[in-house]
Amino acid sequence: MPADPNRVIANLKELAAITGDANGAQRIAFTPTWQHARIWFAGKLTELPATYNITRHVDAAGNCWVTLPGASPRSLVLGSHLDSVPNGGWLDGALGVVTALEVLCGIARDYDGRPPFTIRVVDWADEEGARFGRSLFGSSAFAGTHSIAADRVRTDRDGITLEAALAACNIEIDRIGDAARERENIAAYLELHIEQGPVLERLGLPLGAVRGTKGVERHAITFHGQEAHSGSTPMADRRDALAAAARLALEIRTIATRHPDAVCTMGSVKTFPGIVTAVVGRCECTLDQRDLDPVILATMYREAQEASRRFADQERCTVEWSRIWSIEPIPFHPALIDLCREAIQETLGTPAHSLPSGPLHDAAEVARLGITTTMMFVQSLGGISHNKIEDTRLDHLRLAVTAFDRLAAKTLGWMESSTAS
Ligand SMILES: [Zn+2]
């Protein structure tokens, strides 16, 4: 039975009403409102026939799993996250989880409760990292890319430790790695998400197949010049650290525009002494570069370093770099990307567009393990997310549910044929 898009929309509105306020969604992970969202979600399962043997459990890292056992333990997992940022939107994460459950229910009905493969829905814990600054908490515990030592020292704005917040939700920080047990028998993972950017809207397209998540190079760059009196220092005698940084801020735009999907951002600039009467002696800035192609990412990083040295020289300054964080590009599986394109094409009746994701998603942690993975994006109005005005046209949401349902069916067929071969 095909998934019912209107039921998905009604459920999302219901969830928004009970876990949001005038400022938007308030489902911050490990808070009572987030737990309330999960209890609401569990309640949806009780509406299904008991004969389906659907079970629900929370793993060692707080990820919530719903399982419809099939003839084979090999499983298709559909998921996303119910947590939100403070004052967030109604669709970010929730769309994927609520749609996943609708698709699972349709498969249960189609196969009278016993599909050929096991179907699971996962609601990842703390995808947003809004409270403790660590995104993809639950999915990275699942993937084994977390660090308990780093997690142990995290605190929120009120000084509450992550460890205490987890304990309040019956999660032991020392055991979160046990979430890796959930990997067993997973054959494929699919995630539907809003795009959170303007690309699909600009192309006039409701849906897109996601090719992977972009790699990130994130660095702190410090230019050192000479503090000097702004009145007495002739222009030719200055060693202005801000001038060098400013030239780099413009140059990274040129570097990025050589590649169609690349982005480069200087998001923070601090000047010292930072007073109106002094030439800037030291300028600390940050650089964030992203692309899906590792060669392009490495090239942009090298070009930015070379440019920074050139501008430092020209301004008679010096420059030093230190890496803040980086992650390699994570491409999704070609076979599933193709199925996603097919599902979109059949739903829209027009050729499907594919695009990389700039933001990281739980799907990236799953794909890093080598699990066959892809995502589908639905257009975001104005490209806005992490904001109460985040929205998507209802007709686009309906198309997304239908296309994602098709993708799940196609993936089951692919699992069948890959088992047979
Ligand atoms: Zn999200």
Side-chain angles (χ1 to χ4, degrees), residues 1-16 25 44 76-82 89-107 109-110 119 121 188-212 332 336-359 361-363 373-385 389-414:
M1 197 176 291
D4 178 358
N6 289 325
R7 184 160 45 220
V8 170
I9 292 167
N11 281 337
L12 286 166
K13 286 186 173 167
E14 204 176 291
L15 178 65
K44 293 289 159 193
L76 168 62
V77 180
L78 315 170
S80 199
H81 58 97
L82 283 181
W90 69 302
L91 298 170
D92 180 358
L95 171 66
V97 177
V98 172
T99 303
L101 182 63
E102 176 65 21
V103 171
L104 176 142
C105 293
I107 293 171
R109 285 189 295 268
D110 282 345
I119 313 294
V121 169
Y189 175 80
L190 303 173
E191 181 165 347
L192 172 66
H193 206 282
I194 52 168
E195 184 202 336
Q196 304 178 284
V199 174
L200 292 172
E201 187 178 53
R202 208 176 52 220
L203 294 169
L205 296 171
L207 305 172
V210 185
R211 297 203 303 272
F332 292 153
L336 285 201
I337 298 170
D338 282 348
L339 294 182
C340 189
R341 295 178 70 111
E342 276 177 37
I344 292 171
Q345 183 155 355
E346 287 167 23
T347 305
L348 303 181
T350 54
H353 181 75
S354 67
L355 70 169
S357 171
H361 287 286
D362 294 309
T373 295
T374 198
M375 294 182 75
M376 183 184 288
F377 276 168
V378 59
Q379 188 191 110
S380 292
L381 284 173
I384 306 279
S385 182
I389 66 164
E390 164 194 293
D391 209 358
T392 294
R393 281 168 47 171
L394 292 184
D395 58 330
H396 288 177
L397 287 178
R398 290 188 195 100
L399 291 167
V401 172
T402 300
F404 190 73
D405 191 33
R406 275 205 170 100
L407 172 59
K410 284 175 184 292
T411 305
L412 285 175
W414 175 83

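Here, residue 1 is the first one in the sequence, and each next residue gets the next number.
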_side-chain contact (heavy atoms from CB on, under 4.5 Å) assessment of Thr411 paired with Leu339_ = CA-CA 7 Å; Thr411 305; Leu339 294 182; 4.2 Å; yes
*Is the backbone of Gln379 close enough, under 3.5 Å, to the side chain of Glu201 for a donor and an acceptor to pair up by distance?*
no
*About how many Å separate CG of Leu412 and CG of Leu407, when rounded to the nearest 0.5 Å?*
9.5 Å
_Can you give me the closest heavy-atom contact between Ile337 and Ala209, atom names plus distance?_
O-CB, 4.2 Å
_Donor-acceptor pair, side chain of Tyr189 and main chain of Gly79, under 3.5 angstrom_ = yes
*Could you point out which residue of Ser354, Cys340, Ser357 forms a side chain to side chain contact (heavy atoms under 4.5 Å, CB included) with Arg211?*
Ser354
*For the side chain of Arg398 and the backbone of Pro5, is there at least one donor-acceptor N/O pair under 3.5 Å apart?*
no
*Side chains of Leu399 and Val378: does their closest heavy-atom pair fall under 4.5 Å?*
no
*Check the pair Glu195, Ser380 against side-chain hydrogen bond (donor to acceptor under 3.5 Å, both in side chains), reporting the backbone distance first and the verdict last.*
CA-CA 6 Å; Glu195 184 202 336; Ser380 292; 5.7 Å; no
*asked:* Quick check against the 3.5 Å criterion: does Glu390 have a side-chain atom that pairs as donor or acceptor with the backbone of Trp90?
replied: yes
*Ala343 versus Arg406, closest heavy-atom pair with distance*: CB-CB, 3.8 Å
Can you list, pair by pair, the side-chain donor-acceptor contacts under 3.5 Å of residues 94-104, counting residues two or more places apart and other chains?
| from | atom 1 | to | atom 2 | distance (Å) |
| --- | --- | --- | --- | --- |
| Thr99 | OG1 | Leu95 | O | 2.7 |
| Glu102 | OE1 | Arg7 | NE | 2.9 |
| Glu102 | OE2 | Asp4 | N | 2.7 |
| Glu102 | OE2 | Arg7 | NH2 | 3.0 |

*Does Gly197 offer a backbone N or O that forms a donor-acceptor pair with the side chain of Ser385 under 3.5 Å?*
no
*What distance do Leu192 atom CG and Leu397 atom CG have between them, rounded to the nearest 0.5 Å?*
8.5 Å
*Contact summary for Pro356 and Val210, nearest pair of heavy atoms*: C-CG1, 4.4 Å
*If you measure from CE on Met376 to NE2 on His193, what distance do you get to the nearest 0.5 Å?*
14.0 Å
_Nearest heavy atoms of Leu336 and Ala188, plus distance in Å_ = CD1-CB, 4.3 Å
*What are the two closest non-hydrogen atoms of Ala408 and Leu78, and how far apart are they?*
CB-CD2, 4.4 Å
*For residues Ala3 and Asp405, report the shortest heavy-atom separation together with the two atoms involved.*
N-OD2, 2.8 Å
*Say whether Ser80 and Glu191, considering side chains only, have a donor N or O and an acceptor N or O under 3.5 Å apart.*
yes
*What's the verdict on side-chain contact (heavy atoms from CB on, under 4.5 Å) for Leu190 and Val77, showing C-alpha distance, side-chain angles and the deciding distance?*
CA-CA 6 Å; Leu190 303 173; Val77 180; over 6 Å; no
*Is there a side-chain contact between Leu82 and Leu15 (heavy atoms, below 4.5 Å)?*
yes
_Would you say that Phe377 contacts Gln196 through its side chain, given a criterion of any heavy-atom pair below 4.5 Å between the two side chains?_
no
*Nearest 0.5 Å please: distance from the CG atom of Leu207 over to the OG1 atom of Thr350.*
8.5 Å
*Between CD1 of Ile384 and CG of Asp92, what distance do you get to the nearest 0.5 Å?*
13.0 Å
*Rounded distance (nearest 0.5 Å) linking atom CD1 of Ile9 with atom CG of Asp395*: 9.0 Å
